[in-house]
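These numbers were taken from a predicted model, which means no experiment stands behind them. Each chain gets a letter, A, B and so on, in the order the sequences are listed, and its residues count up from 1.
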Amino acid sequence: MKVERRAFRMAELSTRNRDDALDIVQDAMMQLASKYAHKPEEQWTPLFYRILNNRIMDFHRKSSTQNRWRVWFTGNEDEDEFYDPVQQASSNEMSPSAKADLHDSVERTNHFIQQLSPRQRQAFLLRAWEGMDVAETAKIMNCSQGSVKTHYSRAVHFLREQLHENI
Amino acid sequence: MKEDQNLSDEKLVSQVCEALDESVNRINAETSQRIVAARQQALASSPRRFFSAKLFAVTATAFSIFLAVIIVNTQLNQPLENESVEAIELMASQDTFELYEELEFYTWLAEEDVTG
């Protein structure tokens with residue numbers, strides 16, 4: 001149960017939407033159960049996170065595509081009818097309610113983790129929170145170990161700057 | 001300087017992880033229930049059930065074949081009854097079948113009887 005709850009949090013930090021996060025976690029669990037149930041139990045957790053991360057990246061790609069089409073059709077880049085978390089992640093503007101939430105250390109941390117790029121967030125959550133080593137993280141993220149180190153280092157650098165500034 | 005930086009990073013990472021753990025604890029009851037439901041749904045769709053049904057079918061078939069082999073073997077090993085022995089002896093005898101071998105002669109004889 002612990003893994004699913006943490007997975008849900010990871011997905012929610014990436015999508016910023018509870019229902020999307022639940023859909024992603026459910027999809028990942030369904031795929032794990034239907035395709036990998038025959039695998040040894042110790043492989044389930046890394047497999048689950050690999051599926052989960054693929055789903056999250058699919059979500060970002062889909063959101064970006066939808067956003068591009070929206071801009072192309074409406075010609076209005078400011079309208080935020082379709083939410084694009086990738087674009088949002090680069091924005092440092094905060095709503096008043098978000099500013100109020102930042103008094104809480106948990107909300108503050110979540111807020112800055114949401115501002116990381118998707119790959120930096122994945123690398124940080126898998127390495128720091130899930131305690132996976134570089135090789136495992138690279139396998140889950142489907143990239144080189146060097147890329148994992150770079151993403152992780154940038155994530156830590158960003159969080160250090162933001163959290164120290166906002167204490 | 002670098003050690004200080006590493007210590008500072010470790011502390012930062014530890015604080016962030018604590019906050020993340022706390023955020024997991026704050027997941028509300030409704031969302032928790034939905035996560036449990038999603039897990040149960042995933043488990044229900046697991047092919048393990050299919051595998052167990054398939055395993056049962058294979059076992060049942062293998063057992064049936066095993067039983068059939070035992071029954072056939074038992075019957076083959078039983079002593080033959082008199083009628084069966086006579087039939088086999090008749091089949092295995094070296095005597096020639098005259099009727100079969102001289103079929104043309106008996107056909108001619110029958111025709112002669114009719115015409116003659």
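B:Q15 contributes atom CD, which lies 8.0 Å from atom CG of A:L163 (distance to the nearest 0.5 angstrom). We find the CZ-CD1 distance between A:R9 and B:I35 to be 9.0 Å, quoted to the nearest 0.5 Å. In this structure, OG in B:S23 is found 7.5 Å from CD1 in A:I113, a value given to the nearest 0.5 Å. In this structure, the separation between OG on A:S153 and CG on B:D9 is 8.0 Å, given to the nearest 0.5 Å. Separation of atoms OG (A:S105) and CD (B:E22) is listed at 8.0 Å; rounding is to 0.5 Å. One distance of note links CD1 of B:I27 with CZ of A:F8; it measures 5.5 Å at 0.5 Å rounding.
Between B:L20 and A:V106, the closest side-chain pair of non-hydrogen atoms is not below 4.5 Å. The shortest side-chain heavy-atom distance between A:F124 and B:V16 falls under the 4.5 Å cut-off. A 4.5 Å side-chain heavy-atom check between B:Q40 and A:M29 finds every atom pair outside the cut-off. Contact check for A:E107 versus B:R26: side-chain heavy atoms found under the 4.5 Å cut-off. Under the 4.5 Å side-chain criterion, counting only non-hydrogen atoms from C-beta, A:R127 is not in contact with B:V13.
Of the two parts of A:Y152, only the side chain, counted from C-beta on, holds a non-hydrogen atom closer than 4.5 Å to a non-hydrogen atom of chain B. The part of B:N25 that comes within reach of chain A is its backbone (N, CA, C, O), which places non-hydrogen atoms under 4.5 angstrom from that chain. For A:L125, the part sitting under 4.5 Å from any heavy atom of chain B is the side chain, from C-beta outward, and nothing else. Residue A:L22 touches chain B through its side chain alone, counting heavy-atom pairs closer than 4.5 Å. Interface residue A:V156: backbone and side-chain heavy atoms are both found under 4.5 Å from chain B.
Side-chain atoms of A:R5 do not come within 3.5 Å of backbone N or O of B:S32 as any donor-acceptor pair.
Residue A:F158 is grouped with residue B:L12 when hydrophobic side chains (ILVMFWY) are merged at heavy-atom distances under 4.5 angstrom, including chains of intermediate members. Hydrophobic cluster membership differs between A:M57 and A:L32, with clusters built from Ile, Leu, Val, Met, Phe, Trp and Tyr side chains linked at under 4.5 angstrom. A:M30 and A:I56 fall into different hydrophobic clusters, where Ile, Leu, Val, Met, Phe, Trp and Tyr residues are linked whenever their side-chain heavy atoms come under 4.5 Å apart, directly or through other members.
Counting heavy-atom neighbours within 6.0 Å of A:Q43 CD, excluding the residue itself, gives a total above 12.
Most heavy-atom pairs under 4.5 Å with chain B: of the set A:A128, A:A155, A:A21, A:A28, this distinction falls to A:A128.
One finds a salt bridge joining B:E30 and A:R18 here, because a Lys/Arg side-chain nitrogen approaches an Asp/Glu carboxylate oxygen to under 4.0 Å.
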After noting the C-alpha distance and the side-chain angles of A:K2 and B:D21, does the key distance pass the salt bridge (charged side-chain N to carboxylate O under 4.0 Å, His left out) rule?
CA-CA 10 Å; A:K2 198 180 167 192; B:D21 286 338; over 6 Å; no
